[in-house]
Amino acid sequence: MQLVVTTWNVNSVRLRLDHVARFVAESKPDVLCLQETKCPDDRFPLSAFRSLGYAHIAINGQKGYHGVAVLSRLPFAETRAMGFCDKNDARHIAVTLGKEAKQAAGITIHNFYVPAGGDIPDPAVNPRFAHKLAFLDELMAWTGRERPAAEPSILVGDLNIAPYETDVWNHKALLGVVSHTPIETSRLEEWRQTAGWVDAVRHLKPEPEPVYTWWSYRSPDWAAANKGRRLDHVWLAPSLQSTLQEAHVTRDTRGWERPSDHAPVTVTLDF
DNA sequence: ATGGTGGACCATCCA
C-alpha cells in the first residue's frame, strides 16, 4: 500500500478552500497537514473537507493567527496538541493512524508551525526572534524527552528555516536574513540530527539541487525571479526511510490566483 | 539601503 502525505502552509484555510480542493483533486494525498489556518476551531470548514473525502480531521486553531490542521482519509487512533513557550499559540497537532490504516497503522504524524521570528536576527532586540530560538530549544527538549523518531513517525510543517545553502536563492545574501542565519540553521540541523529524523526531500533531491517551497508576496514576478526558500519540511523516522518513494514540491499552486506564498510538499511512502 | 504584498479583522498585528 501507499501512504501519501502533504504539508502546506495555506495562509488562511477559509480563503484558500478552492485552492485546497483543486490541489487534492490533482494530488490525492491520504493525509493533508495544513499550517496558518487562521481559523478558530468552531469556524473550521469541516463539512467542506468531509465532502473532499477527508472524514477524519484534527484541528488546533485560534482566532486570526497561526493554527494547524490534519485532514485524513484514514482514521486516527489518537490525536494530541502540544503547547510551547508558555503561550497559547496553536502551533502543533499530532495524529496517530488507526488500525484501519493497515501497514501504516501506528504511524504518528506531527504537524508544526514554527514561529517566523520577525525581521531582526538578534534575540536581544527582537522578542519574536528570541521566541523562535526558544521554540527550537523546546523542540530539542521534547525529542530528548519523548524520542519520537524511535517510533514510526513523520514530522512535517512550516519550520520557517531554510537549513542548507541551496535551500535559498542566494546563500551569501541571506546569511543575515531571518530563516537562513547560522544560529537558526545550526540549531535546526542539530535538533534534526540529535533526534534522528531523515530529511525526506533532501534524501531524494540532495544538494546542490535548489529546492524552494516559499516565494515572498513582495517579490514582483516571483516565478521569473525565483527568489525562493525551502521553509517547509517532511522528516521521517529512520524506520520509515526505506518506504520513501517520492518527494515533490507543487510549485504550480504559487501561480494560482490569490495564492498562498507557500507551496505544498508531498511525500509518497510504499509499504 | 530601502520598500515592496497579503491575511485577519476593525487598530494594528503578523508573516
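We name chains A, B, ... by the order of the sequence lines, and we start the count at 1 in each one. This one's a predicted model, so the numbers in the text were calculated from it and none came from an experiment.
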Salt bridge (Lys or Arg N to Asp or Glu O under 4.0 Å) assessment of A/Glu190 paired with A/Arg187 = CA-CA 5 Å; A/Glu190 184 191 0; A/Arg187 209 168 288 203; over 6 Å; no
Is A/Arg14 side chain donor-acceptor paired with the B/dA8 base, going by distance under 3.5 Å alone?
-> no
Within this structure, what is the CG-to-P distance between A/Asp221 and B/dG4, rounded to whole angstrom?
-> 18 Å
Atom NZ of A/Lys38 and atom C1' of B/dA8: how far apart are they, to the nearest Å?
-> 6 Å
Taking all heavy atoms of A/Trp142 and all of A/Trp197, pick out the closest pair and write down the distance.
-> CH2-CZ2, 4.5 Å
Would the number of heavy atoms belonging to other residues, nucleotides or ligands and lying under 6.0 Å from CZ of A/Arg147 be above 12?
-> no
For B/dC13 and B/dT2, measure between their P atoms and round to the nearest Å.
-> 22 Å
From B/dA8, B/dG6, B/dA15, pick the nucleotide closest to the side chain of A/Asn160?
-> B/dA15
Please report the C-alpha distance between A/Asp89 and A/Lys87 in whole Å, then the side-chain angles of each, then the deciding distance to 0.1 Å, and finally whether the salt bridge (Lys or Arg N to Asp or Glu O under 4.0 Å) criterion is met.
-> CA-CA 5 Å; A/Asp89 289 357; A/Lys87 292 175 183 281; 5.4 Å; no
Determine the contact category for A/Arg254: base if any of its heavy atoms lies under 4.0 Å from a base atom, sugar-phosphate if only primed atoms, P, OP1 or OP2 are that close, otherwise nothing.
-> nothing
Does B/dG3 have a Watson-Crick or wobble mate here (both distances under 3.5 Å), and if so which one?
-> none
From B/dA15, B/dC14, B/dG6, pick the nucleotide closest to the side chain of A/Ala116?
-> B/dA15
Opposite nucleotide pairing with B/dC10, Watson-Crick or G-U, both atom distances under 3.5 Å = none
B/dT12 and B/dA1: how far apart are their P atoms, nearest whole angstrom?
-> 30 Å
Would you mind telling me which residue lines up with the more 5' stretch of DNA chain B, A/Asp158 or A/Gln62, judged by nearest nucleotide?
-> A/Gln62
Nearest-neighbour nucleotide for the A/Tyr217 side chain, B/dG6, B/dA8, B/dA15 considered = B/dG6
Phosphate oxygens OP1/OP2 of B/dG6: is one of them under 4.0 Å from a side-chain N or O of A/Arg258?
-> no
Listed nucleotide nearest any side-chain atom of A/Lys63, set B/dG7, B/dC10, B/dA15 = B/dC10
Separation of the P atoms in B/dC10 and B/dC14, to the nearest angstrom = 14 Å
Can you tell if the side chain of A/Ile161 reaches within under 4.5 Å of the side chain of A/Trp191, non-hydrogen atoms only?
-> no
Within the structure, does a side-chain N or O atom of A/Arg16 lie under 4.0 Å from either OP1 or OP2 of B/dG7?
-> yes
Would you mind telling me which residue lines up with the more 5' stretch of DNA chain B, A/Tyr113 or A/Asn11, judged by nearest nucleotide?
-> A/Asn11
Using a heavy-atom cut-off of under 4.0 Å over every strand shown, decide if A/Arg43 touches base, sugar-phosphate, or nothing.
-> nothing
Please give, in whole Å, the distance from B/dA8 P to A/Phe44 CZ?
-> 14 Å
